[in-house]
Each structure stands twice: as C-alpha cells, then as structure tokens.
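So that the names make sense, note that chain A is the first sequence line, chain B the second, and so on, each numbered from 1. For clarity, every value in this text was computed on a predicted model and none was experimentally measured.
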Number of protein chains: 2
Amino acid sequence: MSNKSHRLIELMMTVNRKRKFTVKELANDFNVSPRTILRDLQELSGLGVPLYSEVGPHGGYQVLNERVLPPIAFTEEEAVAIFFASHALRHYSSLPFETETSAALKKFYFYMPGDVRDRIDQMKNRFDFVIPVRQVKSPYLGILLDAAVQQKVVCFEYESKSGKLSREIQPIGIYASSGLWYCPAYCFMRKDYRLFRCDKISSEIRLSTTDPIDLRDIHLGNRIAITKEKKTPLRLYVELNREGVQKCETELGRHINVNIREDGSGWLENQIDPQSIPFFAKFFIGLGKDAMVKKPSILIDKIKEMLIEMMQQYK
Amino acid sequence: MSNKSHRLIELMMTVNRKRKFTVKELANDFNVSPRTILRDLQELSGLGVPLYSEVGPHGGYQVLNERVLPPIAFTEEEAVAIFFASHALRHYSSLPFETETSAALKKFYFYMPGDVRDRIDQMKNRFDFVIPVRQVKSPYLGILLDAAVQQKVVCFEYESKSGKLSREIQPIGIYASSGLWYCPAYCFMRKDYRLFRCDKISSEIRLSTTDPIDLRDIHLGNRIAITKEKKTPLRLYVELNREGVQKCETELGRHINVNIREDGSGWLENQIDPQSIPFFAKFFIGLGKDAMVKKPSILIDKIKEMLIEMMQQYK
DNA sequence: TTCATAGCGACATGATTTGTCACTATCATA
DNA sequence: TATGATAGTGACAAATCATGTCGCTATGAA
C-alpha cells in the first residue's frame, strides 16, 4: 500500500491512542519530517479527526474527546440492530451522557451503505422499543453515575413521602426502568441500602466529605442478594389465575418470582419488605379478581382499608 | 486534501453503497481512468473491504455481505451511549434480528480506543437499562416485521381469551413494551385494527393468499390516531393528585394525554374506546385515591362493580 | 529573555500516481 | 462459434503529489 495513505491510517490510530503528542514525536515514530507530519495532521483534521493544538512548551497536539473508530466490518443485521437499539434512546428524556445521542445516530446512519439505510428507513416506522414516556427530567444522572464509578459520597435534598430530607449517599449504580431512573445506594443516614428515584432529587448534588465505604464488589448485578439479607421479611403468598400470572410477570419484573402451574394459573411466594405493603396493596387491587392475596395478613388488611376508602370515594 | 487518499475513502463509501458495480462505472463517477480504479480496488481489498469480482458480461465487482463502515468520528460519549443501548438488547430473549447482537458489540468494543474501553468496563456494572425479564419467547418477530415492511398478509393460530382461533392479519409493525412484543395489525376476521401479542401466536406463521390492503401510510407512529377515528368514543375525565399524575405518566405512556397543573396535580381528558372500560376500571382502582374518575359513568359503574366484587373476595 | 512548540510558504527533488496502450482471460449470449 | 463485456496485468511516459529543507512568524511557559 502506498506510503501516504498507509501513514494516514496509522496516524489516525496513533493519535487516538496517545491523545497528546507533539509533531516532533510523531516525526520520529514515522520516520518522516515534522513538516510532513504537520501536513498529515491537517489532512486528518480535514477528515474529521478533532485535533487541537497549543503552542509553547508543554504545548502540543491533542485529540479532543471525539475519537475516530477505525473501519469496522458489521454485517447488515448487526448494523441494523445497533441502530435500533440506539434509536430507542430517543424515548428517554434524560440520559447520563451529555451528548445528543441523535448526533451519533445520524453519523452512524449517514455512513451506512445505501441499502442498509433503505432497510432502516423501511423499518423505522414499523419497529420500536417502547419505553413509557415521562416528562420527568433527571438532570443528575451523570453525576450519580460518576459517583458510582469513582466510589464517591454525594449529598442532596431528596423528596420522599415524609417530606424533603437531606441525604448523604454512596451510589451503587443507576438504572432505567419503565421510563424512570433509579439509583440504588448506601444511605449514610439510614445506615443501609436504599433505592432512590433520580427525579426526586430536588437540589444540586454536592460531593460530600464523608469517607466512602467499600462498595467495589457491590454493583447492579449483585446488590439485590446483598441488600435483601438484612430485611425483616414478610412472607407473601398470592394465588393467581391465568391473567394474574401474566400481569405479574409483566409488571413485577424479576424482583418477585412467579410460579406457574400447568393450567396457566399460578402463585406468588416471596419474602417482601414491610415498607412495600402499600405498593403491593395497590398492585393487587389493580389485579382485581385475578389475584387472591393469602398472606401476609397485614397486606390483606391494607387492601381492605383501601377498598373501603375507595368505596367512600365513589359513594 | 490529496487526491488519492480522498478518492480511496470516497470509494470505500461508494462501493458499500452500491454493492454491485463495474470498473467502468466507477471510473466515470470519479473521473479517473479504469486502470486507476482497478488499482484502487486492489488497495481497498488490501485494507479489508471484502471485494469479489466476476468477469464476463453481467460480471463486475461485488461487496460481500460484510460491510465495512468507514472511519466514523464518535465522541467518547456517543460511543459509550451506543454501546450501552446495544448492550440493553441482551435483556430481550427474542429479537427480530437473526444475528447475535453480542457479536456486534464485541466488535464495537474491540475497536474502541483503550481508555473508552476502560470507561465502559467501569460502567458495565453500574449502569443499565432494565427491561422486565420474561421467559416468553416470540419466535416469529422476524416474519411479522418482514410482513409489515413488505405489506404482506399472514395467518396463524392465535391464543386469545376466547380460545385458539385462526387469524389472518396484515401487520402494521411490531414493538416491545415492558418485555413483551406486540404486533398491531389489520385483522381480516374482525375487519378492524387489533393488537396482537407475539408470544400468543401458537402455530407457524404462513403467508396468506388474501390480497393485502393499503397500509403504506399507517405505521407505529400514527396508527393510534387512525384506528381511533372509527370508534364511538366515550369521554374520559379523571382528576389526579400529584402521585396520580406521575403514575399515569409512567403507566399510560403516550396513549393518554396527562394534563398537569402548577401544583403537580392534574387531570386526564380523553376519548376512550368502550372496549377498554374494564382495563381502565382496573387501572384506576389500582391508583386508589390518587385518581378520581368523573366520566364516563359507565366506567364509574364498572369500578363500583369491581370494588363490590373484591370486597366479597376479601370478605 | 530563552526555549519549545505550532504553523506557514516556497521551492527543488524525488516518489507516486495516473493514463494509455497492448495484451490475456473468462464467460454469457446472440 | 463469434462477439462483446467484463476483469486483470505490465510497461512506460507524463502528470501530479509528497517530502524535506530552509527561513520565517507567533505563542506561551519558565
């Protein structure tokens, strides 16, 4: 392959790897004169590599946060799958990334071969990953994620049912579920793990001076096992008919285990946290006669209480 | 920019777009001699573009099914966002793509600059898009999507509440919501639009000989408006407090418009389909005192009926 | 001030690229 | 079977491009 084109491609990779470098350095690496490197760098710039330079001692070139992916061979299916997965991000009103993801998608789309593009166009209105739309913004996702990754303690005002309270937490991670963002974290106030809803954070997030605890081995994948051990659990037992089974599977996700019989009916049998009684009461009322709660009695009482309340509401 | 390098990059895009072409053709496109194009194509080959050629009339060059994406400049943020969006696909037990998406992800990951890779590794266990896990497989997603794109009529056995029935439908599209796949379609049996759950298709899907109707202008984005026109609508009016507003936003998605007042409370005001009365009755019972249904009276009656039923159930 | 860096322009030289031409090979099809 | 459309190669001269060198400016840190 020709010298120059080859060098340009190598150069592209090299600058991406080094991120900071001087013209002289590269001239040595590539055994060409600095002048040549200068010209090459200008070409790279023209090709879209975002180079930035500063003169003076300790100056030099830098690649800005844009990186250039080298040519990657994707099969058509792969490209389409990646496109639509990223496309689904448009449903989120908040993301922990600063970027407009639409910019990334446009690039991706623009550089695709024409027929893949055609295929995407045809599918665009016929295929989607739906995520409930919320207007609720969660502006602190980036900070929380950073804190989780870097093991930092943060504090903020949090709007819980019992009112606004200042919290000091060390995030384990963040995740989106049904259009809302959640942040499981260690709460220094409660001295225990708690789940926070990111949209209920009602003040700026500040870094705290509290020493972080060691959460390196606790992450989204294993936190449930770890946090569950500590609760004083209530035993939940619910009979479900076919419809009930299906709804529970859809709506409870993986937190609660749904057992299924051959005829399609089933039952729930789980340890639950006393705090979640109001949630389950509402949930099973919503299921109507598709679910029959047998235990715990405290849950049954709550359901009755709510039913009576509602009877009054609708006279 | 220098002629040759420029041309090579353009060429890379062009061959990816055209997939099949002759040397002469390209020579015209690029205003160079065929000889030059030949030499260029050899270089591209050397760079990994999978070219294949055949001599003779109707021969020419082809790009094999792996496509090479040219170098794309992504910001670090963009790359990370695309990675995690695609990563979220692993939650789906069924996808309409044949490919293992993990293969695509590995490639993507592999070619990233080292420090982006590090960042991804750090985030992997601390960031996720959660989708309710279902064991339910939907093996016909690909076929349904094809049928939607290509305007074809298909038929299959469908397991609805009223039992197994043979259905003949023309899909509008498919979408995933809360871990389940749905297929809105025109149903030739009901002579109307219906929503099918892809996992309830209980037989092979066959192409039907029925003539397709013209659904080119109906797609996931507008089907609701179109299908609604035909119904005899009921007017829904519901008062919501703050919590009610939030739940409706989360759970009703974009189908129903939630109006919000300054104090956080709000109301629903919509046309609804009489068929969806049972759904809404359950839904608003589930909201408890966070919602107060004012209209239509038929819905209120249904709610009362269900409440009474449940009171009896729990004595 | 001095030094290390980026950056530009001009120019001669050497290297590469290009077009042209003449040739071979393959294959579909008229 | 002949023909034409296609890929593919080699050689060489002409055109173009790339490179190094030199001299210069500008900037900013130490």
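The side-chain contact (heavy atoms from CB on, under 4.5 Å) test applied to A:C198 returns A:S138, A:L141, A:L144, A:W181, A:C183, not counting sequence neighbours. Every residue two or more places apart in sequence or in another chain was checked for a side-chain hydrogen bond (donor to acceptor under 3.5 Å, both in side chains) with B:D211, and none qualifies. B:L207 is linked by a side-chain contact (heavy atoms from CB on, under 4.5 Å) to B:K152, B:V154, counting only residues two or more places apart in sequence or in another chain. Annotation: side-chain contact (heavy atoms from CB on, under 4.5 Å) contacts of B:Q62 (sequence neighbours excluded): B:K20, B:Y52.
Listed pair A:T36 / D:dG20 meets the phosphate criterion, a side-chain N or O lying under 4.0 Å from OP1 or OP2. Within the 4.0 Å cut-off from OP1 or OP2 of D:dA18, not a single side-chain nitrogen or oxygen of A:R7 is found.
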Atom pairs, N/O to N/O, protein against nucleotides 4-6 of chain D, distance under 3.5 Å?
from, atom 1, to, atom 2, distance (Å)
D:dT6, O2, B:G56, N, 3.4

Give each protein N/O atom lying under 3.5 Å from an N/O atom of nucleotides 8-14 of chain C, with the pair distance.
from, atom 1, to, atom 2, distance (Å)
C:dC8, OP2, A:Q42, NE2, 2.5
C:dG9, N7, A:R35, NH1, 2.7
C:dG9, O6, A:R35, NH1, 3.3

Report the C-alpha distance between B:K4 and B:E43 in whole Å, list the side-chain angles of each, state the deciding distance to 0.1 Å, and finish with yes or no for salt bridge (Lys or Arg N to Asp or Glu O under 4.0 Å). CA-CA 11 Å; B:K4 194 190 173 190; B:E43 278 202 24; 2.3 Å; yes
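The aromatic ring centres of A:Y175 and B:F129 sit 6.0 Å or more apart.
Cation-pi geometry between A:R117 and A:Y109 is satisfied (NZ or CZ under 6.0 Å from the ring centre, within 45° of the ring normal). Under a cutoff of 6.0 Å and an axis angle of 45°, A:K200 and A:Y140 do not form a cation-pi pair.
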